[in-house]
Novice: 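Input: one structure, supplied below.
Here is how names work: the chains are called A, B, and so on, in the same order as the sequence lines, proteins then strands, and each is numbered from 1.
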Amino acid sequence: MQSPDTRLTPLFSILGLLALWTVAALLTNDAQVLPPPWGLLGPLQQEFASGELIKHLGSTLSRVIWAFCLAMILGVSLGIAMGRSPRLNAWLDPWLVIFLNLPALVLIVLCYLWIGLTEAAAIIAVTLNKVPNVAVVLREGARACDPALDALGQVYRMSWRTRIRHVLFPQLAPFIAAAARSGVAVIWKIVLVVEFLGRSSGVGFQIHLYFQLFDVAMVLVYALSFIGVMLMVEWLILQPLERRVSRWRRA
Amino acid sequence: MIRVDIQSKNFGATPVLGSIRFDVSNGQTIALVGPSGIGKSTLLRIVSGIDSDFRGTVVRPEKQAVVFQEPTLLPWRSALENLCIIHPNLPKDRALDMLERVGLGGMAALFPGQLSLGQQRRLSLARAFVGAPEMLIMDEPFVSLDAQTGRAMLTLTKELIAETGPATLFVTHDIHEADVLADRVLKLQAGPQGAILAV
């Protein structure tokens with residue numbers, strides 16, 4: 001168990017960041033360039049009261065969820081298949097290297113050009129950006145699986161469902177958790193770029209709008225609001241899930 | 001009954017096993033001995049069906065169980081779940097009885113990491129016998145246990161084999177284990193085309 005001092009460390013760390021921001025804002029002395037933290041409260045309240053903030057946060061969150069689920073399903077499946085089949089890995093590894101090094105912006109632009117400025121194109125672009133990373137992490141996970149447990153499943157003739165649920169996935173859980181947590185962080189940033197370039201809703205669209213108006217406060221309101229949403233996802237969903245699947249390690 | 005008729009087993013260009021033939025009838029226990037690296041574990045992997053890349057045939061019953069050299073448990077599942085997941089049709093009270101039988105009464109909810117090595121081996125033994133196997137394969141099941149625990153495990157295994165009556169093949173380096181458990185001892189020795197049984 002963490003000591004109370006250690007538990008409070010993240011809070012002090014955040015307060016330190018706010019203090020740094022305040023000092024920078026005071027030194028800048030221009031709220032149009034960098035407003036102080038309390039300077040965002042008014043715009044935040046205004047956007048919240050008008051319903052705009054919730055609407056655009058919802059649009060972005062919906063895209064993040066779609067892209068995250070698709071990227072995890074495809075990336076986990078591909079990674080496991082490549083980790084367990086050296087032949088498949090030999091065929092697909094060069095593709096993986098190409099997609100890993102393809103800039104996110106190129107994929108986004110190509111998806112918009114080929115599919116059109118649609119919701120599907122936006123989600124596909126984000127998904128394609130994330131799948132290679134998930135696949136690489138899960139490939140390593142599949143390679144690290146214990147062959148003795150494979151043999152166990154074989155000699156006791158476990159059904160494939162049982163093997164996946166009780167043998168394979170528990171071994172891959174730390175890798176899936178790592179891919180999921182880094183995935184969420186990366187995906188929402190890419191979603192913002194996708195919205196910036198070709199959508200008419202979402203946090204990225206709003207940032208684009210207020211960028212054109214040179215309204216730094218609104219840009220920060222939208223960016224920080226979504227960071228807040230993603231921190232909630234991390235603390236309320238991902239971390240408890242990770243603790244649950246790894247409870248046997250602490251027993 | 002187990003019927004083994006292996007013509008050859010190679011790892012790449014290297015011959016590992018030569019011509020090996022033997023039968024193990026129901027209720028019979030055969031100890032397999034031989035120097036380290038001769039191919040005993042490879043032979044067990046072939047007999048148990050884990051390794052199918054060989055020339056020859058192995059006829060084995062449907063219900064089989066293997067006790068590996070390491071306990072090879074599911075560390076993320078409790079002791080009870082380790083029995084019930086492997087044997088999905090096993091009633092819970094029968095699984096609890098078997099845990100009691102191997103000296104793990106009251107430990108059903110513990111994870112394998114909370115058990116000592118000796119207890120993990122007992123759990124591995126429980127997992128093998130609770131399914132009433134017709135064929136039992138054991139690969140040095142008592143290795144790296146202290147003398148007292150080793151003796152207790154040996155006695156327990158002998159009792160469980162007597163109760164269940166499977167065709168049993170096990171590898172050991174310990175002649176005392178072979179004397180206690182086996183009806184017959186087979187010795188692997190080096191041959192010109194891989195290991196063969198000593199006459």
Novice: Find the one option among B:G49, B:A65, B:P75 whose heavy-atom pairs under 4.5 Å with chain A are most numerous.
Specialist: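 The option with the most such pairs is B:P75.
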
Novice: Taking all heavy atoms of A:H166 and all of B:I85, pick out the closest pair and write down the distance.
Specialist: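 Shortest heavy-atom contact: ND1-CD1, 3.3 Å.
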
Novice: In this structure, are over 12 heavy atoms from other groups packed under 6.0 Å from B:Q193 atom CD?
Specialist: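 No, because the 6.0 Å sphere around CD of B:Q193 holds 12 heavy atoms or fewer from other groups.
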
Novice: Of all the heavy-atom pairs spanning A:V167 and B:W76, show the shortest one and how long it is.
Specialist: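 Closest pair (atom of A:V167, atom of B:W76, distance): O-CZ2, 3.6 Å.
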
Novice: Less than 4.5 Å apart, side chain to side chain, heavy atoms only: is that true for B:R77 and A:W248?
Specialist: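 In short, these two side chains do not touch, never coming nearer than 4.5 Å.
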
Novice: Minimum heavy-atom separation for B:L74 and A:L149, please, with both atom names.
Specialist: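 That closest heavy-atom pairing would be CD2-CD2, 4.1 Å.
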
Novice: Quick check on B:Q114 against chain A: is it the side chain, the backbone, both or neither that has a heavy atom closer than 4.5 Å?
Specialist: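 Just its side chain gets close to chain A.
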
Novice: A quick test of your reading: do over 12 heavy atoms of other residues, nucleotides or ligands sit less than 6.0 Å from CZ of A:F99?
Specialist: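 Counting other residues, nucleotides and ligands, CZ of A:F99 stays at 12 neighbours or fewer.
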
Novice: Of the non-hydrogen atoms in B:I50 and A:A151, which two are nearest, and what is the gap between them?
Specialist: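 For B:I50 versus A:A151, the nearest heavy atoms are CD1-CB, 3.7 Å.
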
Novice: Can you measure from NZ (B:K63) to CZ (A:R157) and round to the nearest 0.5 angstrom?
Specialist: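 Here the interatomic distance stands at 12.0 Å.
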
Novice: Test: salt bridge (Lys or Arg N to Asp or Glu O under 4.0 Å). Region: residues 171-186 of chain B. Which pairs qualify, not counting sequence neighbours?
Specialist: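 Every candidate salt bridge (Lys or Arg N to Asp or Glu O under 4.0 Å) pair involving residues 171-186 of chain B fails, so no pair, neighbours aside, qualifies.
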
Novice: So with a 6.0 Å cut-off around CZ of B:R3, is the heavy-atom count from everything else above 12?
Specialist: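 No, CZ of B:R3 has 12 or fewer neighbouring heavy atoms, counting only those of other groups under 6.0 Å.
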
Novice: Side chain, backbone, both or neither: which part of A:V245 has a heavy atom under 4.5 Å from chain B?
Specialist: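 A:V245 has no heavy atom closer than 4.5 Å to chain B.
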
Novice: Could you tell me whether the side chain of B:T72 reaches within less than 4.5 Å of the side chain of A:D146, counting heavy atoms only?
Specialist: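 A side-chain contact is absent here, since even the closest heavy-atom pair is not under 4.5 Å.
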
Novice: Heavy-atom distances under 4.5 Å only: say whether B:E62 touches chain A with side chain, backbone, both or neither.
Specialist: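 Contact with chain A involves both backbone and side-chain atoms of B:E62.
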
Novice: Is the number of heavy atoms from other residues, nucleotides or ligands under 6.0 Å of B:Q148 CD greater than 12?
Specialist: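 Counting other residues, nucleotides and ligands, CD of B:Q148 stays at 12 neighbours or fewer.
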
Novice: Report, as yes or no, whether the 6.0 Å neighbourhood of atom CZ on A:R165 holds more than 12 heavy atoms from other residues, nucleotides or ligands.
Specialist: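 Not buried by this count: 12 neighbours or fewer within 6.0 Å.
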
Novice: Non-hydrogen atoms of chain A under 4.5 Å away: do they reach the side chain of B:L110, the backbone, both or neither?
Specialist: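 Nothing of B:L110, per the 4.5 Å heavy-atom cut-off to chain A.
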
Novice: With a 4.5 angstrom heavy-atom cut-off, is it the side chain or the backbone of A:R249 that approaches chain B, or both, or neither?
Specialist: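 A:R249 has no heavy atom closer than 4.5 Å to chain B.
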
Novice: Mind checking the NE2-CE spacing from B:H87 to A:M158? Nearest 0.5 Å is all I need.
Specialist: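 Between atom NE2 of B:H87 and atom CE of A:M158 there are 10.0 Å.
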
Novice: Provide the closest heavy-atom pair for B:A128 versus A:Y156 in the form atom of the first, atom of the second, distance.
Specialist: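 Taking B:A128 first and A:Y156 second, the nearest heavy atoms are CA-OH, 3.5 Å.
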
